[in-house]
Amino acid sequence: MSSKEEVKVLTESILASRSNAKQIPDLIKALENPEIAKFALNGLVKVFTSLCKKGDFSIADDKNEAIKKYSNWLTDVFDEALSKVASIIGSDSKQILKELCLTSLMKLIVLSHDPKEDKSWTSLDVKRFRLIIDALLTCKIFFDDHKIM
């Protein structure tokens, strides 16, 4: 994938049908291309926001094996996406992309939080937040630019 138009088409394809969710890893891979990383990140936020709102992450308890398998796969892909986005924060990418990654991570983690757990964060939530902390701690440039240290 090499253009923002291809990323937009891929994002729309995934949003159009759950059966196209198998293309999410292609969107994650697009984060590796600095020319289109911002568009891929926006696409991932749109896709995962839509899937969270549809409840696709919370169907792992369903008795139907196919639905369970899909939900578990989706959770794994989501965590893969979060890891990839966090790695950009700790990389030598442009500062604006790092900041976009940070805000996108926060949004996705909060959005994916199980609404039944309204008063506490689960161990999975904590694991996901740890990605952000680790990325920020390895990113000296981020701290220098924002005079945090």
Side-chain angles (χ1 to χ4, degrees), residues 1-60 66-115 117 121-149:
M1 189 169 321
S2 60
S3 73
K4 72 178 188 177
E5 289 77 26
E6 288 176 315
V7 171
K8 288 180 179 183
V9 167
L10 179 60
T11 300
E12 292 305 317
S13 171
I14 296 168
L15 289 171
S17 172
R18 280 187 177 124
S19 65
N20 293 336
K22 62 185 177 279
Q23 297 174 321
I24 295 172
D26 296 334
L27 204 49
I28 295 169
K29 186 155 179 57
L31 289 170
E32 296 172 3
N33 182 341
E35 304 287 319
I36 58 171
K38 182 176 123 181
F39 302 104
L41 181 62
N42 288 333
L44 284 169
V45 170
K46 285 180 185 177
V47 166
F48 286 123
T49 298
S50 174
L51 293 172
C52 283
K53 287 181 179 177
K54 289 178 184 175
D56 285 17
F57 288 94
S58 59
I59 56 178
I67 293 174
K68 263 188 193 178
K69 188 175 178 180
Y70 167 73
S71 177
N72 289 330
W73 173 84
L74 189 59
T75 299
D76 290 344
V77 171
F78 182 73
D79 286 332
E80 179 187 342
L82 293 179
S83 293
K84 188 68 168 177
V85 172
S87 73
I88 294 172
I89 296 170
S91 74
D92 62 351
S93 297
K94 292 182 180 177
Q95 189 65 29
I96 190 76
L97 180 59
K98 291 179 182 188
E99 291 172 8
L100 184 58
C101 285
L102 180 60
T103 57
S104 296
L105 272 175
M106 291 300 297
K107 179 180 180 175
L108 288 171
I109 291 171
V110 170
L111 188 66
S112 68
H113 177 69
D114 186 352
E117 298 287 337
W121 292 96
T122 66
S123 60
L124 181 59
D125 295 324
V126 172
K127 176 184 159 199
R128 290 172 175 167
F129 273 118
R130 192 169 290 132
L131 287 171
I132 295 171
I133 294 167
D134 290 345
L136 289 174
L137 289 175
T138 61
C139 184
K140 187 176 183 312
I141 296 167
F142 188 88
F143 288 117
D144 288 347
D145 289 351
H146 289 85
K147 297 179 182 13
I148 292 172
M149 290 182 76

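Sequential numbering from 1 along the given sequence is applied to the chain's residues. The structure displayed is predicted, hence computed values, not measured ones.
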Student: Quick one: does Leu105's side chain get under 4.5 Å of Ile89's, heavy atoms only?
Tutor: yes
Student: Could you state the interatomic distance from CG (Leu44) to OG (Ser104), rounded to the nearest 0.5 Å?
Tutor: 9.0 Å
Student: Holding to salt bridge (charged side-chain N to carboxylate O under 4.0 Å, His left out), I want the full list of residues that pass it with Lys38, two or more places apart in sequence or in another chain.
Tutor: none
Student: List the residues meeting side-chain hydrogen bond (donor to acceptor under 3.5 Å, both in side chains) with Gln23, not counting sequence neighbours, and say none if there are none.
Tutor: Ser13
Student: Please, which pairs that meet ring pair (Phe, Tyr, Trp, His ring centres under 6.0 Å) have at least one residue in residues 26-47, sequence neighbours excluded?
Tutor: none
Student: Which atoms form the tightest heavy-atom contact between Leu10 and Leu27, and what is the distance?
Tutor: CD2-N, 3.7 Å
Student: Considering all heavy atoms of both residues, which atom of Ile14 and which atom of Ala21 are nearest to each other, and what is their separation?
Tutor: CG2-CA, 4.3 Å
Student: Check step by step if side chain to side chain contact (heavy atoms under 4.5 Å, CB included) holds for Ile24 and Leu74.
Tutor: CA-CA 9 Å; Ile24 295 172; Leu74 189 59; 4.0 Å; yes
Student: Using atom types as modelled and distance alone, determine if a side-chain donor or acceptor of Ser87 lies under 3.5 Å from a backbone N or O of Lys84.
Tutor: yes
Student: To the nearest 0.5 angstrom, please state how far the CG atom of Asn20 sits from the CG atom of Asp26.
Tutor: 11.0 Å
Student: State, to 0.1 Å, how close Thr11 and Gly43 come at their nearest heavy-atom pair, and which atoms those are.
Tutor: OG1-CA, 3.5 Å
Student: Are the side chains of Leu100 and Asn42 in contact, using a 4.5 Å heavy-atom criterion?
Tutor: yes
Student: Working to the nearest 0.5 angstrom, can you tell me the gap between Glu99 CD and Ile96 CD1?
Tutor: 5.5 Å
Student: Around atom NZ of Lys54, are there more than 12 heavy atoms from other residues, nucleotides or ligands closer than 6.0 Å?
Tutor: yes
Student: Starting at CG of Leu51, measure out to CG of Leu15 and round the result to the nearest 0.5 Å.
Tutor: 7.5 Å
Student: With rounding to the nearest 0.5 Å, note down the distance linking CZ in Phe78 to CD1 in Ile109.
Tutor: 7.0 Å
Student: Verify, without hydrogens or angle tests, whether Ser71 (side chain) and Ile67 (backbone) share a donor-acceptor contact under 3.5 angstrom.
Tutor: no
Student: So does Lys46 get a backbone contact from the side chain of Ser50, meaning a donor-acceptor N/O pair under 3.5 Å?
Tutor: no
Student: Nearest 0.5 angstrom please: Glu35 CD to Ser3 OG, how far?
Tutor: 11.0 Å
